[in-house]
Number of protein chains: 2
Amino acid sequence: MGLTRTEIFSAEQNQLATLLKALAHPARIAILQRILASNTCICGDLVEELGLAQATISQHLKELKTAGIIQGTIEGVSVCYCINPVTWKLIETQMGAFLGAYIQEADCC
Amino acid sequence: MGLTRTEIFSAEQNQLATLLKALAHPARIAILQRILASNTCICGDLVEELGLAQATISQHLKELKTAGIIQGTIEGVSVCYCINPVTWKLIETQMGAFLGAYIQEADCC
DNA sequence: ATTGTATATTGCAATGTTACGATTAAATAA
DNA sequence: TTATTTAATCGTAACATTGCAATATACAAT
């Protein structure tokens, strides 16, 4: 049918999948790394630094914003983006629990 | 154009994005959690446990296998899947570095 | 050989994603 | 007011993903 059957999974599974999906693109990883590096908020210089069109960057920023990973405030003519600490912590917690559940045993296959 | 422009990003950014993409689906998270829970290898009981068709499960398993996250060996009639420790560790390392790069400061926006 | 069981593969419909040019909106500057 | 600047939105082309029925493959048992 072509659309994910979210009804059959738990809220946690769907939430983690949604968050990871928002991170699962090199452009969005690059954008976030840029924000992480210049801890202070950055704006649309991304367009110059990454080699993507302005419309494309804006679209990726929107996706990160919709997922709650970043937040933005209007700063004069430009817009200032930064990490949303709550969601970032959520990702750390959820991913930590997920990845940490693996206990390596004697190889079975 | 419709296809990710991987050439303009670093190998690390592309690799992390690819790994996260493989994890970014509730069915694949559920499959991995199932493998993590019953540490020993599990087979196609997934079809019964998750409410998805056999072809769909097989497809998700293939994606996880292609990404190197799981590995499978033929065990008589059925196939035995388990976590690939190397890739799992890689995800932990890469995600840890990525998420850990955030130092929360006085809110700027 | 034939049957049964467990997975994989193929083909396809419905939907989602990525990228970009063009346009619009909003705020400042001249 | 009229530019200029910055970012969002619209529209669209090219792919990609998701899910499933149907079919194929591979092995084991009879």
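By convention in this document, chain letters (A, B, ...) are assigned in the order of the sequence lines, proteins followed by strands, and residues within each chain are numbered from 1.
- When the shell of 6.0 Å around CD of B:Glu7 is examined, it contains more than 12 heavy atoms from other residues, nucleotides or ligands.
- Within 6.0 Å of atom CD1 in B:Ile8, more than 12 heavy atoms from other residues, nucleotides or ligands are found, so the atom counts as buried in its surroundings.
- Across all strands, B:Glu63 comes closer than 4.0 Å only to sugar-phosphate atoms, never to a base (heavy-atom distances).
- The nearest whole Å value for the distance from the OH atom in B:Tyr81 to the P atom in C:dT7 is 8 Å.
- Checking A:Lys65 against A:Phe9, the closest nucleotide of DNA chain D that is more toward the 5' end is the one next to A:Lys65.
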Identify all pairs in which a protein N or O lies below 3.5 Å from an N or O of nucleotides 26-30 of chain D, and state each distance.
none

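- No donor-acceptor contact under 3.5 Å links the side chain of B:Gln54 to the base of C:dA6.
- Residue pairs satisfying the side-chain hydrogen bond (donor to acceptor under 3.5 Å, both in side chains) criterion with at least one member in residues 13-27 of chain A, sequence neighbours excluded, are listed as follows: A:Ser10-A:Gln13, A:Gln13-B:Gln33, A:His25-B:Thr4.
- What separates CD of B:Gln59 from P of D:dA21 is a distance of 13 Å, to the nearest Å.
- Rounding to whole angstrom units, CG of residue A:Asp45 and C1' of D:dT5 are separated by 14 Å.
- Computed from coordinates, the B:His25 NE2 to D:dA16 C1' distance equals 13 Å when rounded to whole Å.
- With DNA chain C read from its 5' end, the first of the two nearest nucleotides for B:Ser58 and A:His60 is the one closest to B:Ser58.
- The residue A:Ala55 sits close to a base: some heavy atom pair falls under 4.0 Å.
- Taken from CZ in A:Phe98 to CG in B:Leu36, the straight-line distance is 6.0 Å, to the nearest 0.5 Å.
- One atom, CG of B:Leu61, and another, C1' of D:dT18, lie 15 Å apart when rounded to the nearest Å.
- The CG atom of B:Leu50 sits 13 Å away from the P atom of C:dT7 (whole-angstrom rounding).
- Of the side-chain N and O atoms in B:Thr56, none sit less than 4.0 angstrom from OP1 or OP2 of D:dT18.
- Dashed line: the shortest gap from a side-chain N or O of B:Thr4 to OP1 or OP2 of C:dT18 is not under 4.0 Å.
- At the heavy-atom level, B:Lys21 lies under 4.0 Å from the strands shown only through sugar-phosphate atoms.
- A donor-acceptor pair is defined here as one N or O able to donate and one able to accept, closer than 3.5 Å; such a pair exists between the side chain of B:Arg5 and the backbone of A:Gly51.
- At the heavy-atom level, B:Ser78 lies under 4.0 Å from the strands shown only through sugar-phosphate atoms.
- In this entry the distance linking CG of B:Leu64 with C1' of C:dA8 reads 15 Å, nearest Å.
- Taken from CD in B:Glu49 to CD1 in B:Ile42, the straight-line distance is 7.0 Å, to the nearest 0.5 Å.
- At least one side-chain heavy atom of B:Ile69 sits under 4.5 Å from a side-chain heavy atom of B:Ile91.
- For B:Arg28 and A:Ile57, each mapped to the nucleotide of DNA chain D holding its nearest heavy atom, the one lying further toward the 5' end belongs to A:Ile57.
- Whole-Å rounding puts the A:Arg5 CZ to C:dA14 C1' distance at 15 Å.
- Put simply, the side chain of B:Met95 reaches to within 4.5 Å of the side chain of B:Leu20, judged on heavy atoms.
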